[in-house]
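Within every chain, numbering begins at 1; the chains are lettered A, B, ... in the order of the sequence lines, protein sequences first and strands thereafter. Remember, it's a predicted structure, so these values are computed and weren't measured experimentally.
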2 protein chains.
Amino acid sequence: MVDRTSGVPAYRQVADQLAAQISTGELAPGAPLPSERELVDLFGISRPMVREAVKLLRMRGLVDVEHGRGAFVRTPGQVVRLSRNRLTRAARSLNKGAFLGDADAAGFTPSVSVRVRVETADERVARLLEIEPGNEVLVRDRVMSANGLVVQLAVSRLPRDVTLGTALEEIETGPGGAYARLEQAGHVLVHFDETVSARMPSVEEQAQLQLPEAIPVIAVTRVAYTADRPVEMNDMVLAANRYELHYRLPAE
Amino acid sequence: MVDRTSGVPAYRQVADQLAAQISTGELAPGAPLPSERELVDLFGISRPMVREAVKLLRMRGLVDVEHGRGAFVRTPGQVVRLSRNRLTRAARSLNKGAFLGDADAAGFTPSVSVRVRVETADERVARLLEIEPGNEVLVRDRVMSANGLVVQLAVSRLPRDVTLGTALEEIETGPGGAYARLEQAGHVLVHFDETVSARMPSVEEQAQLQLPEAIPVIAVTRVAYTADRPVEMNDMVLAANRYELHYRLPAE
DNA sequence: GAGTGGTCTAGACCACCTT
DNA sequence: AGGTGGTCTAGACCACTCA
């Protein structure tokens with residue numbers, strides 16, 4: 001029953017009580033919440049207010065609702081740690097690209113679908129690749145899956161003059177991946193810049209990554225540099241409930 | 001007016017139409033949405049359904065609602081880029097710690113409130129610091145503000161044997177910050193490990209960081225290592241609408 | 001005081017899942 | 001068939017903001 005004198009909205013009281021039961025384990029992961037009609041009777045409030053309470057729990061990521069079945073305490077998924085320092089040449093030469101390498105390490109069956117196209121650089125792309133807006137860039141649009149589940153989206157862009165006449169314009173870049181082809185073409189990589197941010201997914205990303213509610217995405221933009229200039233940028237989008245990023249920094 | 005035959009819920013149609021107007025700029029950042037009663041008349045649906053539509057826009061981060069005033073298109077804030085490679089010794093010796101250094105770079109007035117206490121290590125802390133669970137750790141709990149606004153939470157923990165009898169147990173660690181004191185005490189830092197993840201904030205974090213709706217936090221756990229062993233771990237929580245992290249990785 | 005969003009009721013019917 | 005959640009109505013009153 002809710003306390004009508006406290007000034008706290010009834011639906012918040014219900015949400016808080018259920019949240020407390022979840023955090024104590026009284027409602028364990030996977031366990032069903034009482035049905036909405038049951039909560040109506042239990043707390044003596046109307047169904048719209050019960051639904052408001054459940055919606056709060058959904059937004060906090062505590063509960064998943066299945067139409068026709070019920071509401072269930074969310075079970076935390078397993079997090080994969082991505083070591084970003086794996087981009088180094090030694091590690092690269094061993095495998096066919098960063099993602100397939102991670103697959104070996106984490107023990108899942110990877111698959112990648114690639115689309116290749118040519119675009120003209122917009123303001124942001126031009127700035128990151130240090131070229132003129134409107135210049136041609138090769139775009140490699142990739143959807144990475146693990147065990148059939150989409151887990152990562154990546155779009156990489158390269159100045160067209162770097163890719164012309166190389167396997168980088170093909171679907172299959174060959175052994176060692178895109179970076180190997182770049183170095184083969186004389187573009188020796190010196191360092192990478194990675195910019196990491198987080199945000200809520202767009203509706204398209206949420207659908208593609210099959211994200212539960214209240215799960216943000218990690219957006220990583222990586223730029224690969226030779227001694228002279230940037231030769232590739234890569235926009236990655238990862239489900240934050242499945243990934244964490246790991247960096248090792250020297251104290252120098 | 002909504003299309004009753006499409007099968008798409010009325011509140012979604014309203015949300016999508018408003019979202020479209022926002023993305024085209026017809027409703028510019030800062031502009032007020034029509035009031036709920038106006039939307040009732042405009043679309044011919046009930047107020048609960050109008051509110052459902054507006055709630056969707058809030059959850060997508062498109063709109064901020066102010067009680068008694070109205071709903072307004074959200075204005076994107078300015079993002080501060082944190083260069084993580086600034087932890088290197090050369091950069092460190094120039095300033096009084098990472099946060100105060102960032103303040104200089106970004107041109108804001110910083111302030112830090114610190115609380116110091118002693119705890120016993122739980123399972124996670126023990127694992128990261130490579131000590132026994134139950135061992136004493138010194139905890140430095142910090143709230144960082146810029147221009148009076150809380151922008152960062154940080155909790156760092158150090159094995160007690162490292163801090164005993166040093167300024168690390170004081171509120172003020174002195175010039176160069178905590179890392180300078182560590183090295184002064186003979187703990188020469190060799191490298192840092194940073195693990196980056198993202199999630200929705202807890203209710204406390206949301207309040208403390210004054211986060212708008214639908215803004216995740218970036219959680220960074222940094223561990224500082226000497227040649228022998230870890231000597232500090234630092235759990236940082238950043239508002240994802242205000243920060244991005246930048247890492248530079250050598251291609252080796 | 002008039003307008004705004006916030007809370008709340010008591011229903012109705014639909015869509016989905018299970019047995 | 002009988003349970004679940006999803007959509008929807010037509011009201012009411014409260015809390016906040018601004019002129």
(message) What is the separation between atom CD on A:Glu213 and atom P on D:dG5, rounded to the nearest whole Å?
(response) 14 Å
(request) With a 4.0 angstrom cut-off to heavy atoms of chain B, pull out the first and last contacting nucleotide of DNA chain C, in 5'-to-3' order. (result) C:dG3 to C:dT7
Quiz: residues 205-220 of chain B side-chain donor-acceptor pairs under 3.5 angstrom, not counting sequence neighbours:
from, atom 1, to, atom 2, distance (Å)
B:Glu205, OE1, B:Arg199, NH1, 2.8
B:Glu205, OE1, B:Ser202, N, 2.9
B:Glu205, OE2, B:Arg199, NH2, 3.0
B:Glu213, OE1, B:Arg58, NE, 2.9
B:Glu213, OE2, B:Arg58, NE, 3.4
B:Glu213, OE2, B:Arg58, NH2, 3.0

My understanding is that only residues two or more places apart in sequence, or in another chain, count here; which of them pass salt bridge (Lys or Arg N to Asp or Glu O under 4.0 Å) with [X]?
| X | value |
| --- | --- |
| B:Arg4 | none |
| B:Asp16 | B:Arg12, B:Arg60 |
| B:Arg37 | none |

(message) Salt bridge or not between B:Glu52 and A:Lys55? Use side-chain N to carboxylate O under 4.0 Å.
(response) yes
(message) If the condition is ring pair (Phe, Tyr, Trp, His ring centres under 6.0 Å), which residues does B:Tyr247 pass it with, not counting sequence neighbours?
(response) A:Tyr247
(request) Using a cut-off of strictly less than 4.0 Å between a heavy atom of the residue and any atom of DNA chain D, enumerate the qualifying residues of residues 2-21 of chain A by number. (result) none
Short N/O separations, protein against nucleotides 15-19 of chain D, under 3.5 angstrom:
from, atom 1, to, atom 2, distance (Å)
D:dA15, N3, B:His67, NE2, 3.0
D:dC18, OP1, B:Arg69, NH1, 3.3

Partners meeting side chain to side chain donor-acceptor pair (under 3.5 Å) with [X] (sequence neighbours left out):
| X | result |
| --- | --- |
| B:Gln13 | B:Ser6 |
| B:Arg124 | B:Thr221, B:Asp235 |
| A:Ser197 | none |

(request) Verify the distance criterion only: is there a donor paired with an acceptor across the side chains of B:Ser83 and B:His246 at less than 3.5 Å? (result) yes
(request) Return yes when atom CZ of A:Arg115 has more than 12 non-hydrogen atoms of other residues, nucleotides or ligands closer than 6.0 Å, and no otherwise. (result) no
(request) Compare every heavy atom of A:Ala19 with every heavy atom of A:Leu62, then report the nearest pair and how far apart it is. (result) CD1-CB, 3.9 Å
(message) Among residues 44-55 of chain B, which ones have heavy-atom contacts with DNA chain C below 4.0 Å?
(response) B:Arg47, B:Arg51
